[in-house]
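When reading the values below, keep in mind they use all heavy atoms of this one structure, side chains included, and skip hydrogens, waters and symmetry mates.
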Amino acid sequence: MDQDKFTNIYRLPNALQVRIGQWQKTLKGTSDIVLHQALQERNQYFRRTKNWFPSGWNVALFDEKDFSITEHGKYIQTAMRTMIDRKVSYKRVYLSRVPLDEAMPKLVKYKQEWLAKHNRIARKYNQIKKKQFMRFATEEVETLYPSIPKGEFDKALWNKLVVQDLGPAKKYDNPYFVKKSVF
C-alpha cells in the first residue's frame, strides 16, 4: 500500500485513517485486513449519507437565493449555464426594448424556469454518478487496489439526460431550454 492511494484513506505511521469532510475514523494497524476494514467504513459512510457527493462526481444544484441580476446601464444580465454542455453564459435584457420594472420580474421568472429544469437534470445526473462511484468503491474493497478515477464532469451523460428529459435543442429557441418565460 505504500504507493497506492485510496480516496479518503490516509496512512499514518502505525494506523489508517478514513477522513471525509468533518468525519474521521482511525483504525490501528496498516495490514491488508485493516485496509479492508477502512475501505468498508468509508463505503458505509458514503451509503448512509444521502446528500454527500465526492468532489468532481456531482453537479451542484442551484437555489433561488443564488440568483444575481446586475444592472449595467443599458441592460440587465444574469449568469446562467446552457443546458447542452453546461457552458457559462449570460442572459441579457436590453432596457431600450423593455422597461426596467418589467424586465426584472421577467428575467427572474425566466431564471426560475431554467433553475427547475437544471436541478431536475442535475438530480438524475448525480444519482447515476453516485452509483458509478459506489461501484468503483466496492471494487476497491474486493480487490484492495485503488480503482476510483478522478471525478470529472461527464458531458456526454449530461447531454443525453437533457435530450431524454427535455427533448432536442431544435425544440427551443434559446440554449437554456426555457419555453414558457420568454421575452
Side-chain angles (χ1 to χ4, degrees), residues 1-68 78-90 111-112 114-166 169 175-177:
M1 180 173 145
D2 292 329
Q3 281 79 34
D4 298 339
K5 302 241 177 188
F6 290 89
T7 304
N8 300 103
I9 307 281
Y10 299 91
R11 187 179 192 74
L12 302 175
N14 51 1
L16 293 175
Q17 190 172 59
V18 182
R19 285 186 236 150
I20 304 171
Q22 299 292 320
W23 181 82
Q24 69 180 27
K25 183 163 187 169
T26 305
L27 301 161
K28 299 228 186 263
T30 57
S31 68
D32 285 349
I33 294 171
V34 176
L35 174 60
H36 186 266
Q37 290 172 336
L39 291 169
Q40 285 181 322
E41 287 288 335
R42 179 197 66 187
N43 291 357
Q44 284 176 357
Y45 183 84
F46 290 160
R47 283 189 186 96
R48 72 175 172 252
T49 309
K50 291 183 181 179
N51 293 330
W52 179 86
F53 289 105
S55 173
W57 283 85
N58 71 318
V59 170
L61 300 177
F62 290 107
D63 192 359
E64 279 191 45
K65 293 181 277 184
D66 300 334
F67 282 14
S68 76
T78 186
M80 297 170 70
R81 289 190 175 269
T82 60
M83 281 303 212
I84 299 292
D85 296 341
R86 289 192 81 239
K87 294 178 184 170
V88 175
S89 67
Y90 299 92
K111 195 153 182 179
Q112 285 172 335
W114 169 83
L115 177 107
K117 290 179 178 183
H118 176 275
N119 285 350
R120 188 170 67 225
I121 302 295
R123 282 185 193 94
K124 290 178 184 178
Y125 176 88
N126 291 343
Q127 187 177 18
I128 290 168
K129 291 300 279 183
K130 189 161 185 180
K131 283 180 185 175
Q132 288 176 352
F133 180 85
M134 289 310 298
R135 270 183 282 197
F136 286 121
T138 303
E139 183 181 322
E140 283 187 351
V141 171
E142 294 168 358
T143 62
L144 296 182
Y145 188 78
S147 62
I148 298 175
K150 184 177 184 284
E152 295 178 354
F153 176 67
D154 187 348
K155 195 186 302 185
L157 173 62
W158 177 268
N159 292 343
K160 178 182 159 195
L161 291 171
V162 167
V163 171
Q164 276 179 352
D165 196 73
L166 304 174
Y176 312 108
F177 285 43

task: Indicate yes or no: at least one non-hydrogen side-chain atom of Gln17 is less than 4.5 angstrom from one of Ile9.
output: no
- request: Indicate the atoms forming the closest heavy-atom contact of Leu161 with Ile121, along with that distance.
  value: O-CD1, 3.7 Å
- request: For the residue pair Val88 and Arg81, establish whether any side-chain heavy-atom pair is separated by less than 4.5 Å.
  value: yes
query: Would you call the rings of Trp114 and Phe62 parallel, tilted or perpendicular, where under 30° means parallel and over 60° means perpendicular?
result: tilted
field: Trp57 side, atom CH2; Phe136 side, atom CZ - distance, nearest 0.5 Å
entry: 5.0 Å
field: Nearest-0.5 Å distance, OG1 of residue Thr82 to NZ of residue Lys87
entry: 6.5 Å
- prompt: Quick one: does Asp66's side chain get under 4.5 Å of Leu115's, heavy atoms only?
  reply: no
- prompt: Does Tyr125 use its side chain to pair, donor to acceptor, with the backbone of Asp154 at less than 3.5 Å?
  reply: yes
query: Can you tell me how far the NZ atom of Lys28 sits from the OG1 atom of Thr30, to the nearest 0.5 Å?
result: 12.5 Å
task: Could you label the plane-to-plane angle of the His118 and Trp158 rings as parallel, tilted or perpendicular, counting under 30° as parallel and over 60° as perpendicular?
output: tilted
message: Any side-chain to backbone donor/acceptor pair from Asn8 onto Arg19? Under 3.5 Å, distance only.
response: yes
query: So, do Leu16 and Phe6 sit near enough that their side-chain heavy atoms are less than 4.5 Å apart?
result: no
- prompt: Taking all non-hydrogen atoms of both residues, which atom of Phe153 and which atom of Asp85 are closest, and how far apart?
  reply: CE2-O, 4.2 Å
- prompt: Restricting to pairs with a member in residues 122-140, which pass salt bridge (Lys or Arg N to Asp or Glu O under 4.0 Å), not counting sequence neighbours?
  reply: Arg42-Glu140, Lys124-Asp165
- request: Mind checking the CD-CD spacing from Glu41 to Gln24? Nearest 0.5 Å is all I need.
  value: 13.0 Å
task: Kindly confirm or rule out a cation-pi arrangement of Lys117 over Phe177, judged by NZ or CZ under 6.0 Å from the six-membered ring centre and within 45° of its axis?
output: no
- request: Say whether, by atom type as modelled, one donor and one acceptor occur between the side chain of Lys155 and the main chain of Ile84 under 3.5 angstrom.
  value: no
message: Tell me whether Leu61 at atom CG has more than 12 heavy atoms from other residues, nucleotides or ligands lying less than 6.0 Å away.
response: yes
- request: Enter the distance from Ile148:CD1 to Phe133:CZ here, rounded to the nearest 0.5 Å.
  value: 4.0 Å
- request: Specify the closest pair of heavy atoms between Ala38 and Val18, including all atoms of both residues, with the distance to one decimal.
  value: O-CG2, 3.5 Å
Closest non-hydrogen atom pair between Val59 and Ala122, with its separation: CG1-CB, 4.0 Å
task: Hey, could you give me the CE/CZ distance between Met80 and Arg86, rounded to the nearest 0.5 Å?
output: 12.0 Å
statement: Nearest heavy-atom contact between Thr78 and Ser68 is OG1-O, 3.0 Å
field: Backbone N/O of Gln40 and side chain of Asn43: donor-acceptor pair under 3.5 Å
entry: no
task: Find out whether the Lys NZ or Arg CZ of Arg48 is both under 6.0 angstrom from the six-membered ring centre of Trp23 and within 45° of the ring's axis.
output: yes
task: Kindly indicate whether the side chain of Leu39, heavy atoms from C-beta on, has any atom under 4.5 Å from the side chain of Leu144.
output: yes
